[in-house]
Asks: 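Starting off with a structure, shown below.
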2 protein chains.
Amino acid sequence: MENATINLDARARTLLRTLIESYIRDGQPVGSRTLARTSGLSVSAATVRNVMADLEDMGLIHSPHTSAGRIPTPAGYRLFVDSLLEVRSPSPEDIRAIQSGFAPNASTQDLMDTTSNLLSRVTRMAGMVRLPRHRNVALSQIEFLRLGEGRILAILVIDGKEVQNRVLELERDFSQDELQRMANYLNAHLAGKSLHAVRAELLREMRDVREDLDAMMLAAIDLGEKAVGDEDPDDVVVAGQTHLLGYEELADMARLRQLLEAFNEKQEILGILDQCICGDRVQIFIGRESGLDWFENCSVVTAPYSVDGEVVGVLGVIGPTRMSYDRVIPIVDVTARLLGSALGDHPVDDSK
Amino acid sequence: MENATINLDARARTLLRTLIESYIRDGQPVGSRTLARTSGLSVSAATVRNVMADLEDMGLIHSPHTSAGRIPTPAGYRLFVDSLLEVRSPSPEDIRAIQSGFAPNASTQDLMDTTSNLLSRVTRMAGMVRLPRHRNVALSQIEFLRLGEGRILAILVIDGKEVQNRVLELERDFSQDELQRMANYLNAHLAGKSLHAVRAELLREMRDVREDLDAMMLAAIDLGEKAVGDEDPDDVVVAGQTHLLGYEELADMARLRQLLEAFNEKQEILGILDQCICGDRVQIFIGRESGLDWFENCSVVTAPYSVDGEVVGVLGVIGPTRMSYDRVIPIVDVTARLLGSALGDHPVDDSK
DNA sequence: GTCAGCGCTCCACTCGGTCGAGTGCTTAAA
DNA sequence: TTTAAGCACTCGACCGAGTGGAGCGCTGAC
């Protein structure tokens with residue numbers, strides 16, 4: 001609807017923008033006189049006061065107490081980032097810092113680590129990267145190893161470079177020999193296909209062709225389904241949480257602790273990032289918008305990153321609501337793009 | 001030498017002990033009058049003042065400013081924990097809390113996690129566990145998987161339950177078939193022996209019997225040595241760092257940030273813990289004793305833990321110097337013992 | 001609609017005074 | 001020589017009053 005925001009005339013918008021920019025820069029409530037001077041408009045402080053009163057009625061700014069200046073409310077920030085903000089293109093040194101951070105041919109895990117480190121270092125806030133969903137990566141190989149009575153280690157090699165282990169607990173026991181044959185069967189059928197396709201195929205075979213196969217094949221399919229089936233654990237890499245200690249608007253120890261705890265648990269961070277995976281550009285959460293109350297005075301800036309045109313993950317930063325959005329947004333944006341392309345060029349292809 | 005500490009008479013020791021206990025309890029500088037009353041000695045405040053002046057000369061206590069009470073110096077704490085402290089046996093509820101935390105049959109990694117969580121929860125400080133060195137755990141199985149041109153995944157199964165992956169980059173390429181034969185060879189020779197023994201044997205064979213073997217065996221030994229050879233990465237598990245935000249003596253943001261940073265880097269934590277691995281009982285570092293200056297106002301209480309009589313790792317807590325040593329020390333002690341025995345009973349033996 | 005002026009409010013800061021805790025020193029008794 | 005009592009002094013915490021300044025709302029004139 002946004003009806004309240006539409007009927008802001010140009011002057012009010014300019015004043016709101018100047019006020020928020022000033023507050024972001026200095027952290028001080030800004031009064032009518034300074035605002036009148038710095039806005040570039042040729043209006044008096046008194047007029048500015050009238051406009052500010054209107055803005056306050058609309059819930060966009062408020063004064064911490066009588067006769068202090070005004071500071072933006074979350075709603076004010078919202079309007080600001082949605083329609084007032086002029087995003088700078090990222091500064092050359094920022095770009096250089098980000099680009100130089102991406103090592104070629106790094107493993108996915110390394111890429112995640114360096115990216116979140118990069119984000120936190122460049123923005124001086126906390127950086128986070130949602131591990132990529134397994135998109136259409138190819139299953140190179142699957143192997144089974146018998147660990148003990150009914151316990152089997154499944155090894156998935158993905159894209160010829162990534163390795164995943166899963167321990168399966170089964171009811172019946174298999175000899176290593178049987179396991180080997182099952183692996184051979186599965187590899188012959190499935191190697192090179194995408195994980196997604198593999199899962200679909202396994203499920204289909206289980207349903208359709210049960211009776212046409214001998215017991216071994218059946219067991220193999222069952223085993224393969226178990227190994228591939230359970231979604232790999234969602235995870236998120238965070239870095240630079242300690243930067244948040246430096247912001248005095250987050251100095252409340254109790255809240256700060258909740259915040260850092262959230263970074264350790266990762267669960268809530270995940271929830272926030274997952275909300276951002278839809279949408280294809282930078283998204284911003286301000287204050288409590290994400291529904292978490294420990295998020296007071298914090299904002300999140302996220303951007304999805306994609307490989308081959310498909311969104312596979314999200315990255316972002318988290319910092320005080322009073323942050324330089326015009327600097328942070330392009331940084332997050334360009335980092336997402338660079339990560340996407342770094343993940344995109346598959347360096348070592350299986351030599352087939 | 002400790003010459004300065006020896007010539008403390010019983011009364012001075014009692015007063016120092018009472019003073020430190022009182023300060024640990026209340027966090028307030030303690031003055032002569034209260035000390036005279038609470039010490040149990042029948043002396044006047046004036047006499048206490050004289051003794052306190054002596055203690056101050058020895059560098060055991062000092063006043064934050066004229067006419068405040070006295071607080072212990074690091075040297076005072078040192079003397080306190082070395083020879084004044086009466087360690088309580090751990091309280092029943094603490095013991096219960098610790099014991100109930102150890103799940104039977106947990107993997108090593110899980111044990112580390114729960115243990116450091118336990119330590120931090122019970123002491124309300126930060127807990128840490130140094131991962132056990134690989135003592136004489138048995139190598140159950142070794143397998144190789146060809147990933148690509150010259151890139152091989154080595155899989156070590158240890159103790160029938162733990163799995164380690166290592167990617168090896170080699171100069172020459174092997175076919176999966178060759179790898180299989182090498183693995184068979186190595187398994188036949190080495191399975192069941194301790195990792196330590198395996199490494200020794202591989203090195204010996206490489207040196208002694210080079211010319212007696214065919215090329216394949218030689219390559220196998222070489223490969224095995226590479227897979228087992230590089231020490232697994234030293235690591236340490238920490239938990240509950242955020243508890244440290246609650247202590248107002250650590251409220252300095254800059255220092256606090258260094259502290260949390262150290263927990264993230266883990267490098268310095270490792271250094272501290274490694275200093276404690278010698279010695280077979282609880283050890284205590286007070287303030288800067290560990291050589292790190294960001295350690296001001298912090299203390300570390302550690303204890304080594306052992307399996308089958310051999311020390312394999314260290315665990316401990318880190319908190320403000322002003323902590324209840326008489327409670328923390330037994331907690332760390334008993335946790336180390338419980339972790340040792342939890343690691344000790346090897347639950348699932350390979351069914352051979 | 002704009003804006004100058006006025007009165008008002010509230011905060012931040014300072015200053016002086018008081019209170020209490022605690023010390024060091026001196027002196028006297030054991 | 002050790003212990004204790006008394007006394008003067010210091011310092012920080014606290015309180016209340018006073019002050020200056022920033023900033024607001026309102027009103028009335030243009």
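Since this is a predicted model, take the numbers as computed values, not measurements. Order of the sequence lines sets the chain letters (A, B, ...), proteins ahead of strands, with each chain counted from 1.
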Asks: Any side-chain N or O of B:R11 less than 4.0 Å from the OP1 or OP2 oxygen of D:dT3?
Replies: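 The answer is yes; a side-chain N or O of B:R11 sits under 4.0 Å from OP1 or OP2.
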
Asks: Specify the separation, in whole Å, of atom CG of B:L55 and atom C1' of C:dG22.
Replies: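 Rounded to whole Å, this separation is 16 Å.
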
Asks: In whole Å, what is the span from the CD1 atom of B:I71 to the C1' atom of C:dT23?
Replies: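 The answer, rounded to whole Å, is 16 Å.
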
Asks: Rounding to a whole Å, what distance do you find between B:H62:NE2 and C:dG24:P?
Replies: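 These atoms are roughly 13 Å apart.
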
Asks: Is the base of D:dT3 touched by the side chain of B:T47 through a donor-acceptor pair closer than 3.5 angstrom?
Replies: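 Donor-acceptor pair under 3.5 Å: no.
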
Asks: Count the heavy atoms of every other residue, nucleotide or ligand shown that sit under 6.0 Å from CZ of B:R327, and state whether that count exceeds 12.
Replies: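 Atom CZ in B:R327 is packed in, count exceeds 12.
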
Asks: Think B:S67 has a side-chain N or O under 4.0 angstrom from the OP1 or OP2 of C:dT23?
Replies: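 Answer is no, no contact under 4.0 Å.
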
Asks: What's the shortest heavy-atom distance between A:T302 and A:V332, and which atoms?
Replies: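 Scanning both residues, the minimum pair turns out to be C-CG1, 3.9 Å.
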
Asks: Using OP1 and OP2 only, check whether a side-chain N or O of A:R70 sits under 4.0 Å from D:dA22.
Replies: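 No, A:R70 has no side-chain N/O under 4.0 Å of OP1/OP2 on D:dA22.
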
Asks: To the nearest Å, how far apart are B:L15 CG and C:dG22 C1'?
Replies: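 Whole-Å distance recorded here is 16 Å.
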
Asks: If you draw a 6.0 Å radius around CD in B:E93, do more than 12 non-hydrogen atoms from other residues or ligands fall strictly inside?
Replies: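 Atom CD in B:E93 is packed in, count exceeds 12.
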
Asks: Taking atom C1' of C:dT2 as reference, at what distance in whole Å does atom CG of A:L41 sit?
Replies: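 Interatomic distance, CG of A:L41 to C1' of C:dT2: 13 Å.
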
Asks: Tell me whether the side-chain N/O atoms of A:S32 come closer than 4.0 Å to OP1 or OP2 in D:dC24.
Replies: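 For D:dC24, OP1 or OP2 has a side-chain N or O of A:S32 closer than 4.0 Å.
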
Asks: Give a yes or no on whether B:R124 atom CZ has more than 12 heavy-atom contacts from other residues, nucleotides or ligands under 6.0 Å away.
Replies: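 Incorrect, the count does not exceed 12.
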
Asks: Check every strand shown and say whether B:S42 touches a base, only sugar-phosphate, or nothing at a heavy-atom separation below 4.0 Å.
Replies: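 Counting heavy atoms under 4.0 Å across all strands, the contact made by B:S42 is with sugar-phosphate only.
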
Asks: On DNA chain D, nearest-nucleotide positions of A:A68 versus A:N50: which is more 5'?
Replies: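 Mapping each residue to its closest nucleotide by heavy atoms, the 5'-most match is A:A68.
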
Asks: Atom CD of A:E56 and atom C1' of D:dC24: how far apart are they, to the nearest Å?
Replies: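 Distance check: A:E56 CD to D:dC24 C1' gives 10 Å.
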
Asks: So what does A:R33 hit on the nucleic acid, given a heavy-atom distance under 4.0 Å: a base, only sugar-phosphate, or nothing?
Replies: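 No contact at all - A:R33 keeps every heavy atom at 4.0 Å or more from the nucleic acid.
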
Asks: Taking the minimum atom-to-atom distance to the side chain of A:T66, which one of D:dG6, C:dC11, C:dT9 wins?
Replies: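 So the nucleotide nearest the side chain must be C:dT9.
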
Asks: Between B:A46 and A:R49, which is nearer to the 5' end of DNA chain D once each is assigned its nearest nucleotide?
Replies: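 Here B:A46 is the residue nearer the 5' end.
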
Asks: Taking B:E21 first and then B:R17, would you say they form a salt bridge - that is, a charged N and a carboxylate O separated by under 4.0 Å?
Replies: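 Answer for the salt bridge query: yes.
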
Asks: Rounding to a whole Å, what distance do you find between A:H65:NE2 and D:dG21:P?
Replies: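 Rounded to whole Å, this separation is 17 Å.
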
Asks: Check the distance between C:dA21's P and B:Q28's CD and give it to me in whole angstrom.
Replies: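 The answer, rounded to whole Å, is 12 Å.
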
